[in-house]
Amino acid sequence: MRLDKFLANAGIGTRSEVKTEIKKKHITVNDCIIHDPGTAVSDKDVVCYKGIPVGAKKPQYFMMNKPSGCVSATQDEGRTVLDYLKPEDRRDVFPVGRLDKDTEGLLLLTDDGMFAHNLMSPRKHVDKTYYFDGEGILEPHAVKQMAEGIDIGDEKLTKPATLSIISEDIATRKVSGTLTISEGRYHQVKRMLAKTGVTVVYLKRISIGDVRLDETLAKGQYRSLTEEELHLLSKGRSNK
């Protein structure tokens, strides 16, 4: 790892601030003053700031039960998901992907860019499952349509998705179910269901890959991912 990144991860400062400290000769590696921010260091090296040993901060991985009404961003005019984190957990953390402001449920947050990329890259095809309540009557072949891909007005059809109907009341025009997709297009779930005759009135993400939302988390609460969950996410790519 680069020295400047190591020091930034350890909480010494931003990358630019760390470079300033290096110029001031405040950083040593194995008792040698270092001048190059790009110097490679490992866990075996003794890195000191003003004579005090520092260690790289471990990456953070959080699961949040995102409430409705907040934005999946690090900054916004209104409330963001980071406002629900403790001050000591906010440093360099960002949401992995986005949930619409009015969508609830499973949101991952981390300071590990590669972890986020592997989950959100369109080439990875990681499954994401949403629970929905809707108004309307599903078209007779809605399940088949979803499985084959739907034209929602983009250049390409959506990738194959799995629609499961939990309940459908023709008289009241109420329907609920789950939809599993492997993409992250703009308002994708709402647009796909609209194409099959349903207007979404409530939407909640319940899983990413093989990791499900911890239902013991109240809205706005979060916790660290377990080692098992991290393992599942690291290998949890769809075969689609």
Side-chain angles (χ1 to χ4, degrees), residues 61 63-64 66 68 70-76 80-81 94-110 112-168 173-213 229-230 232-240:
Y61 306 97
M63 168 192 293
M64 172 183 283
K66 177 192 173 297
S68 176
C70 65
V71 179
S72 300
T74 56
Q75 291 183 332
D76 191 80
T80 75
V81 292
F94 56 90
V96 179
R98 300 179 67 88
L99 284 179
D100 293 342
K101 187 174 182 178
D102 60 350
T103 300
E104 301 178 357
L106 177 57
L107 182 68
L108 302 177
L109 302 105
T110 187
D112 185 339
M114 186 57 66
F115 172 81
H117 171 75
N118 285 336
L119 284 177
M120 292 297 108
S121 172
R123 296 181 179 181
K124 304 299 182 179
H125 308 318
V126 176
D127 285 343
K128 295 170 281 290
T129 300
Y130 296 78
Y131 168 87
F132 68 89
D133 290 323
E135 295 179 347
I137 299 175
L138 281 167
E139 294 182 1
H141 304 296
V143 173
K144 182 180 179 182
Q145 285 179 283
M146 294 292 189
E148 294 177 345
I150 290 181
D151 181 359
I152 58 174
D154 295 338
E155 292 183 2
K156 297 180 180 180
L157 297 180
T158 61
K159 291 187 180 299
T162 303
L163 172 64
S164 298
I165 302 170
I166 296 174
S167 66
E168 187 174 18
R173 297 177 62 85
K174 303 289 186 183
V175 60
S176 65
T178 62
L179 182 63
T180 300
I181 62 175
S182 60
E183 302 174 279
R185 303 190 196 184
Y186 180 71
H187 292 328
Q188 183 173 347
V189 172
K190 297 174 184 176
R191 293 163 68 194
M192 291 177 72
L193 286 166
K195 281 291 186 176
T196 60
V198 170
T199 299
V200 173
V201 296
Y202 174 76
L203 191 61
K204 177 180 181 180
R205 185 158 65 191
I206 57 176
S207 69
I208 298 176
D210 292 325
V211 172
R212 294 186 63 84
L213 174 67
E229 288 166 341
L230 281 171
L232 289 172
L233 290 168
S234 68
K235 71 178 184 64
R237 300 174 186 176
S238 169
N239 292 321
K240 296 178 183 178

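Considering all non-hydrogen atoms of both residues, Thr74 and Thr80 come closest at O-OG1, 4.2 Å. Taking both residues in full, the closest heavy atoms of Ser182 and Asp127 are given as CB-OD1, 3.6 Å, listed atom of the first, atom of the second, then distance. Here the closest non-hydrogen pair linking Gly97 and Leu107 is O-CD1, 4.3 Å. Minimum interatomic distance between Gly136 and Val198 (heavy atoms only, all atoms of both residues): C-CG2, 4.4 Å. Residues Asp151 and Gly153 come closest through the heavy atom pair OD1-N, 2.9 Å. Minimum interatomic distance between Pro95 and Ala73 (heavy atoms only, all atoms of both residues): CG-N, 3.8 Å.
Under the salt bridge (charged side-chain N to carboxylate O under 4.0 Å, His left out) criterion, no residue pair touches residues 193-203, with sequence neighbours excluded. For residues 198-209, the pairs satisfying salt bridge (charged side-chain N to carboxylate O under 4.0 Å, His left out) are Lys204-Glu215, with sequence neighbours left out.
Atom OG1 of Thr196 is separated from atom NZ of Lys144 by 15.0 Å, given to the nearest 0.5 angstrom. Of the inter-residue distances, the one linking Arg98 atom CZ with Met120 atom CE reads 12.5 Å to the nearest 0.5 angstrom. With rounding to the nearest 0.5 Å, the separation of CG in Leu99 from OG in Ser72 is 5.0 Å. How far CD of Glu229 is from CZ of Arg212: 12.0 Å, rounded to the nearest 0.5 Å. Once rounded to the nearest 0.5 Å, the distance linking CD1 of Ile208 with CG of Leu106 reads 4.0 Å. The distance from atom CG of Leu108 to atom NZ of Lys66, rounded to the nearest 0.5 Å, is 13.5 Å.
With sequence neighbours left out, the side chain to side chain contact (heavy atoms under 4.5 Å, CB included) criterion links Ala147 to no other residue. Evaluation of the side chain to side chain contact (heavy atoms under 4.5 Å, CB included) rule for Ala116 yields Phe94, Val96, Thr110 as partners, not counting sequence neighbours. Shown here are the side-chain hydrogen bond (donor to acceptor under 3.5 Å, both in side chains) partners of Asp76, two or more places apart in sequence or in another chain: there are none. Applying the side chain to side chain contact (heavy atoms under 4.5 Å, CB included) rule to Val189 yields the partners Tyr130, Leu179, Ile181, Leu193, Leu203; only residues at least two apart in sequence or on another chain are considered. For Ser207, the side-chain hydrogen bond (donor to acceptor under 3.5 Å, both in side chains) criterion is met by Thr129, not counting sequence neighbours. Remark: Glu183 engages Arg185, Gln188 in a side-chain hydrogen bond (donor to acceptor under 3.5 Å, both in side chains) (not counting sequence neighbours). Shown here are the side chain to side chain contact (heavy atoms under 4.5 Å, CB included) partners of Glu135, two or more places apart in sequence or in another chain: Lys174, Val201. Annotation: salt bridge (Lys or Arg N to Asp or Glu O under 4.0 Å) contacts of Asp100 (sequence neighbours excluded): Lys190. Residues passing the side-chain hydrogen bond (donor to acceptor under 3.5 Å, both in side chains) test with Ser176 are Ser167, sequence neighbours excluded. With sequence neighbours excluded, the residues satisfying ring pair (Phe, Tyr, Trp, His ring centres under 6.0 Å) with Tyr61 are Phe115.
A donor-acceptor pair under 3.5 Å is formed between the side chain of Asp112 and the backbone N or O of Met114. Here the side chain of Thr158 pairs a donor or acceptor atom with the backbone of Ile150 at under 3.5 angstrom.
Annotation: side chain of Leu109 is in contact with side chain of Val81 (closest heavy-atom distance under 4.5 Å).
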Evaluation steps, side-chain contact (heavy atoms from CB on, under 4.5 Å), between Leu163 and Met192: CA-CA 10 Å; Leu163 172 64; Met192 291 177 72; over 6 Å; no
Criterion side-chain contact (heavy atoms from CB on, under 4.5 Å) on Leu119 and Leu233, from CA distance to verdict: CA-CA 8 Å; Leu119 284 177; Leu233 290 168; 4.1 Å; yes
